[in-house]
Amino acid sequence: MQGPNGTGDGSGGNSGDELVRLRHKIDAIDSQLHDLLMQRTELAVAVGAAKAAKQPLTGDSPAEGAKFIRPAREAKILRRLTARHQGKLPKSVVVRMWREMISALLQVEGPFAVAVYAPASQPGFWDVARDHYGSRVKLLTFSRVDRALSAVMDGSATVAVLPFPREDETGPWWRRLVGSAQLPHVIARLPFGDPGNQRNPDLQALVVGRTPTEPTDRDHSLLVLETAEPVSRSTFRQALAGVGLTTSFIHGGRDQLEADLNLAEVAGYIDGHDPRLGLVASALGKGARLHSIGSYAEPLTKEELADEPSGH
Ligand SMILES: C=C(O[C@@H]1C=C(C(=O)O)C=C[C@H]1O)C(=O)O
């Protein structure tokens, strides 16, 4: 507001009073936010106790964290808040603040550690992991993807942040998720929000862990086809379409898929109990087996993260 001295620069007169008044309001809001934050913490503690009552803690290994982390719930919280958000605070900042809080509360509930593939020459996944799991989480850094995955397998990490699968990789990590329901599986895709100032904003990652997956209203699932003989790419795609599944990619040979294991990503939620797995396998015949190796909530889209014009 313009003061009577005409400067309007907050240096005195009424404009100074205005500044004091506004700052009092900010102080009051900070107290309210802080009170709510402490209340939310108490609720997370109660949620953690309810989870532990169903699945008691058997030690303080990071593996125990699988009893507490709920990636689907976390995704739904962030989708709901970004959808209702208004005003000039960027949505990506809202997401980052909530990610810091959610991960901190997860660590109040139980043990939690993150393994991340981040060789010195390519540290970008470390940024991806830190933005999602916060600045206080124990981040175990590995220069080999298989070692990061092993950390989840042996319980020294709760989750592993691994590179999103690429076509034509030799020995891809996802092959190690096939075989038994006891194995870890894909539970999330990162970055969930805007990559912001991450050192490599183009990096895409999948998170692997042992917490059971749960559906959100927008998911993708990863399926591995196991065959003794090669199957054509189009036959596989059609078999998936036959049970209503839309394929986003298949990793395998150009026309004929490899005999052995091939990865497909489909839209929608499919867990290991889904009857469509058996239906697709029978449609393909030749002893084919189809495994779900997990699913992830679709990250926020550019549209969902778009802010109103800044107006300066
Ligand atoms: C509080 C919970 O536990 C964790 C923390 C969450 C949160 O702070 O909102 C959400 C999901 C869980 O990963 C919960 O499951 O609701």
Side-chain angles (χ1 to χ4, degrees), residues 71-72 117 144-146 148-150 152-153 160-190 202-299:
Y117 164 69
R144 281 176 44 181
V145 177
D146 58 337
L149 177 55
S150 293
V152 175
M153 300 258 186
V161 175
L162 306 175
F164 197 89
R166 284 177 292 109
E167 180 81 78
D168 302 329
E169 286 177 271
T170 45
W173 57 259
W174 51 261
R175 293 177 69 93
R176 290 175 65 198
L177 306 188
V178 183
S180 133
Q182 312 319 314
L183 288 167
H185 44 262
V186 172
I187 59 167
R189 178 176 182 160
L190 305 184
D202 299 323
L203 287 183
Q204 292 290 314
L206 289 177
V207 183
V208 168
R210 289 184 192 274
T211 198
T213 55
E214 293 169 316
T216 70
D217 52 8
R218 270 183 301 133
D219 300 289
H220 274 89
S221 300
L222 292 145
L223 307 178
V224 174
L225 176 65
E226 184 180 2
T227 50
E229 290 171 41
V231 171
S232 87
R233 194 175 264 266
S234 60
T235 305
F236 185 25
R237 199 178 278 271
Q238 274 165 26
L240 291 166
V243 295
L245 294 173
T246 307
T247 308
S248 34
F249 65 76
I250 296 175
H251 286 178
R254 190 172 288 266
D255 302 315
Q256 290 283 106
L257 298 179
E258 320 278 339
D260 187 28
L261 303 177
N262 295 282
L263 178 69
E265 187 189 80
V266 295
Y269 178 81
I270 298 189
D271 63 16
H273 306 292
D274 197 297
R276 289 172 288 184
L277 295 172
L279 292 173
V280 172
S282 333
L284 291 170
K286 300 182 195 163
R289 291 177 65 191
L290 192 59
H291 309 265
S292 165
I293 58 158
S295 66
Y296 63 81
E298 270 176 43

[X] versus [Y], closest heavy-atom pair with distance:
| X | Y | result |
| --- | --- | --- |
| W173 | P163 | NE1-O, 2.9 Å |
| E169 | R166 | OE1-N, 2.8 Å |
| R276 | I270 | NH2-CG1, 3.8 Å |
| A188 | P71 | CB-CB, 4.5 Å |
| R233 | I250 | NH1-O, 3.2 Å |
| G268 | S221 | O-OG, 2.6 Å |

Working to the nearest 0.5 Å, report the span between [atom1] of [X] and [atom2] of [Y].
| X | Y | atom1 | atom2 | answer |
| --- | --- | --- | --- | --- |
| E229 | E258 | CD | CD | 14.5 Å |
| L222 | S292 | CG | OG | 8.0 Å |
| E214 | D219 | CD | CG | 10.5 Å |
| L240 | L277 | CG | CG | 9.5 Å |

Distance alone, cut at 3.5 Å: any donor-acceptor contact between the side chains of S150 and R176? yes

Are the side chains of [X] and [Y] in touch, meaning some heavy atoms are under 4.5 Å apart?
| X | Y | value |
| --- | --- | --- |
| L257 | P230 | no |
| L177 | V224 | no |
| L206 | W174 | no |
| V280 | L284 | yes |
| K286 | T227 | no |
| L183 | M153 | yes |
| R175 | D260 | yes |
| F236 | L225 | yes |

For [Y], is there any backbone N or O sitting under 3.5 Å from a side-chain donor or acceptor partner on [X]?
| X | Y | answer |
| --- | --- | --- |
| T246 | A267 | no |
| R189 | P299 | no |
| T213 | I187 | no |
| H185 | V178 | no |
| E167 | G252 | yes |
| S248 | E265 | yes |

Below 30° counts as parallel, above 60° as perpendicular, anything between as tilted: where do the rings of H220 and Y296 land? parallel

Go through T216 and Y269 one step at a time and tell me if the side chain to side chain contact (heavy atoms under 4.5 Å, CB included) criterion holds. CA-CA 8 Å; T216 70; Y269 178 81; over 6 Å; no

Stepwise, does the side chain to side chain contact (heavy atoms under 4.5 Å, CB included) test hold for D274 with D271? CA-CA 6 Å; D274 197 297; D271 63 16; 4.2 Å; yes

Apply the test side chain to side chain contact (heavy atoms under 4.5 Å, CB included) to residues T247 and L223: give CA-CA distance (whole Å), side-chain angles for both, the deciding distance (0.1 Å), then the verdict. CA-CA 10 Å; T247 308; L223 307 178; over 6 Å; no

Is it the case that over 12 heavy atoms from other parts of the model lie below 6.0 angstrom from the CZ atom of R289? no

